[in-house]
Amino acid sequence: MASKIEVKDLLEAGVHFGHLTRKWNPNMAPYIYMERNGIHVINLYKTVAKLDEANEALKKIASSGRKILFVATKKQAKDIVADKVSKVNMPYITERWPGGMLTNFVTIRKAVKKMAAIDRMKKDGTFNTLSKKERLQVDRLRAKLDKNLGSIADMTRLPGALFIVDTMREHIAVKEAQKLNIPIFAMVDTNSDPRDVDYAVPSNDDAGKSIEIIMESVTQAVAEGLEERKSEKTGGKDKEEAPKNEEKKAESTPKKEEKAAEEKPAKKAEAAPKKEEEPVKEKPAKQEEAKPEDLTKIEGIGPKAAEALAANGVGTYAELAASDADKVKEILSEASSTLAHLDPTSWPKQAKMAADGKWDELKEWQDNVKGGVE
């Protein structure tokens, strides 16, 4: 477990410094502690609470296998974000935000494939057959693509969430994510609107030390989620091996039972299998009830939406597949006003594929449909 961040550490990093009082956004009032020398001071106790909430949600998304896209194009955040995020192998944008990065993801993927095609040309020797002028043009194109899109080369589908440093500067990224129902996590300063994001972390988004301490905490949570996913996979392999061992034991037991049947009376031999059969039937049912299903694997469902559905008795893929889209919309609207804008039309269809175990078909569908909206 990552060590819990303390108010003292945030204070030393200058996370509490906001903007000038004349530049404030009134929606940030609940997170402002006081005003001093014409500058707003952020309430760090609320920052810690909101950061823990965001970390928990990010950990859950990372453990589900979805990518989290980090966005920070301002000068003081670029290098910090690139350094921290590359350690957890997540995609990030630190240069100009390419318009349509999310809403026109298919075209962006073509540009990334173009970069891969140039690399193949260099490997198989066809690059050397080009003229000097053509080689220079191709090299310049490759360098330009690598600068803007090199960090998202491994992102083959829309991300499961966005983490943004300064929502005022990255307002286009915020708008695109909202359009596609992608959960938004963000460092929100006193001049920003926290209503635009799902998980707002009130903090100073201009100072390098402040950005570094928040990013350190966030990337630790993501790393924990990835470790959980690894341990689940290894646990799954052990479970697959267990039935094989049981089969071997089952093969050896009939021989022993035959010998016992010759010695013991027929009545005792008949009673023994009945006793053995009863617990075998009960165990799988108990295991099925105990297993919670991760609804965030459905395109368009974030951690908050999944919690709201589970609280209203829709906690499995089968239950969601059997639900009506209008009923789901009603549940979301009652749970929170921030979830009311979500479009659950395709959720039962996706849940049906997940319940039937058609994960490849579901992934292909999600790659072709933008944000889970047909």
Side-chain angles (χ1 to χ4, degrees), residues 65-180 182 184 186 205-206 208 211-212 215 219 222 226 299 360 363-371 373:
R66 304 291 294 279
K67 293 282 185 185
I68 299 158
L69 178 63
F70 289 79
V71 186
T73 60
K74 55 164 52 179
K75 190 179 178 182
Q76 56 269 51
K78 272 185 186 183
D79 297 334
I80 296 167
V81 170
D83 178 49
K84 300 285 182 189
V85 177
S86 57
K87 289 176 183 176
V88 291
N89 198 27
M90 286 290 171
Y92 58 90
I93 296 286
T94 52
E95 297 300 325
R96 180 184 68 85
W97 173 266
M101 167 76 201
L102 300 175
T103 51
N104 197 16
F105 186 66
V106 176
T107 306
I108 299 295
R109 278 301 301 164
K110 283 178 184 174
V112 174
K113 285 175 184 175
K114 177 71 177 172
M115 195 164 59
I118 293 169
D119 291 339
R120 281 197 300 272
M121 281 172 64
K122 288 184 177 181
K123 282 183 182 178
D124 60 24
T126 53
F127 180 75
N128 296 324
T129 61
L130 302 173
S131 65
K132 186 179 179 181
K133 186 178 179 182
E134 286 173 330
R135 285 202 299 272
L136 281 169
Q137 286 174 339
V138 170
D139 277 334
R140 283 175 194 151
L141 177 63
R142 173 72 177 79
K144 185 182 176 183
L145 290 170
D146 187 52
K147 183 184 177 184
N148 293 322
L149 305 173
S151 57
I152 60 161
D154 297 331
M155 195 172 79
T156 56
R157 56 182 289 198
L158 285 169
L162 248 68
F163 188 96
I164 298 172
V165 177
D166 194 349
T167 54
M168 294 288 284
R169 187 185 176 94
E170 316 300 344
H171 63 279
I172 300 171
V174 172
K175 287 284 190 315
E176 289 191 28
Q178 285 175 339
K179 193 174 182 180
L180 299 178
I182 296 172
I184 305 168
D205 61 13
D206 294 305
I211 295 167
E212 188 173 2
M215 288 304 301
T219 49
V222 172
L226 294 172
E299 193 79 46
D360 292 334
K363 188 175 182 295
E364 188 181 343
W365 184 90
Q366 289 174 341
D367 289 342
N368 293 330
V369 178
K370 295 177 182 178
V373 181

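Contact of the I152 side chain with the M101 side chain is registered, since non-hydrogen atoms from C-beta on lie closer than 4.5 Å. Between D205 and M168, every side-chain heavy-atom pair lies at or beyond the 4.5 Å cut-off. Counting only heavy atoms from C-beta outward, the side chains of P98 and L149 approach each other to under 4.5 Å. Contact annotation: the side chain of K147 never approaches that of R96 to less than 4.5 Å [non-hydrogen atoms, C-beta and beyond]. Residues K123 and R120 form no side-chain contact, since every pair of their non-hydrogen atoms from C-beta on lies 4.5 Å or further apart.
Across all their heavy atoms, V174 and I184 have their closest contact at O-CD1, 3.7 Å. Of all the heavy atoms in A177 and L162, the pair that sits closest is CB-CD2, 4.0 Å. Residue L130 comes nearest to R135 through the heavy atom pair O-NH1, 2.6 Å, listed as atom of the first residue, atom of the second, then distance.
In the displayed structure, D124 atom CG is contacted under 6.0 Å by more than 12 heavy atoms of other residues, nucleotides or ligands.
One distance of note links OG1 of T129 with CD of E134; it measures 8.5 Å at 0.5 Å rounding. L69 contributes atom CG, which lies 8.5 Å from atom CD1 of I182 (distance to the nearest 0.5 angstrom). Here the CG-CG distance, from L141 to L136, works out to 12.5 Å after rounding to the nearest 0.5 Å.
Sorted by first then second residue, the ring pair (Phe, Tyr, Trp, His ring centres under 6.0 Å) pairs that include residues 121-143, not counting sequence neighbours, number zero. Applying the side chain to side chain donor-acceptor pair (under 3.5 Å) rule to pairs touching residues 67-82 yields T73-R169, T73-E170, K74-D166, K74-D206, sequence neighbours excluded. Sequence neighbours left out, the pairs with a member in residues 131-171 that pass ring pair (Phe, Tyr, Trp, His ring centres under 6.0 Å) are F70-F163. Within the structure, ring pair (Phe, Tyr, Trp, His ring centres under 6.0 Å) contacts touching residues 134-153 (residues at least two apart or in different chains) do not occur.
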Anything under 3.5 Å between a donor and an acceptor, one on a side chain of residues 106-113, the other on a protein residue two or more places apart or in another chain? List them.
unit_1: T107; atom_1: OG1; unit_2: N104; atom_2: OD1; d: 3.0
unit_1: T107; atom_1: OG1; unit_2: N104; atom_2: ND2; d: 3.1
unit_1: R109; atom_1: NH1; unit_2: A153; atom_2: O; d: 3.3
unit_1: R109; atom_1: NH1; unit_2: M155; atom_2: O; d: 3.3

List the atom pairs, donor and acceptor, that lie under 3.5 Å between side-chain atoms in residues 85-92 and the rest of the protein, sequence neighbours left out.
unit_1: S86; atom_1: OG; unit_2: A82; atom_2: O; d: 2.7
unit_1: S86; atom_1: OG; unit_2: D83; atom_2: O; d: 3.0

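With E212 contributing its side chain and I80 its backbone, the two residues share no donor-acceptor pair below 3.5 Å. With E176 contributing its side chain and T103 its backbone, the two residues share a donor-acceptor pair below 3.5 Å.
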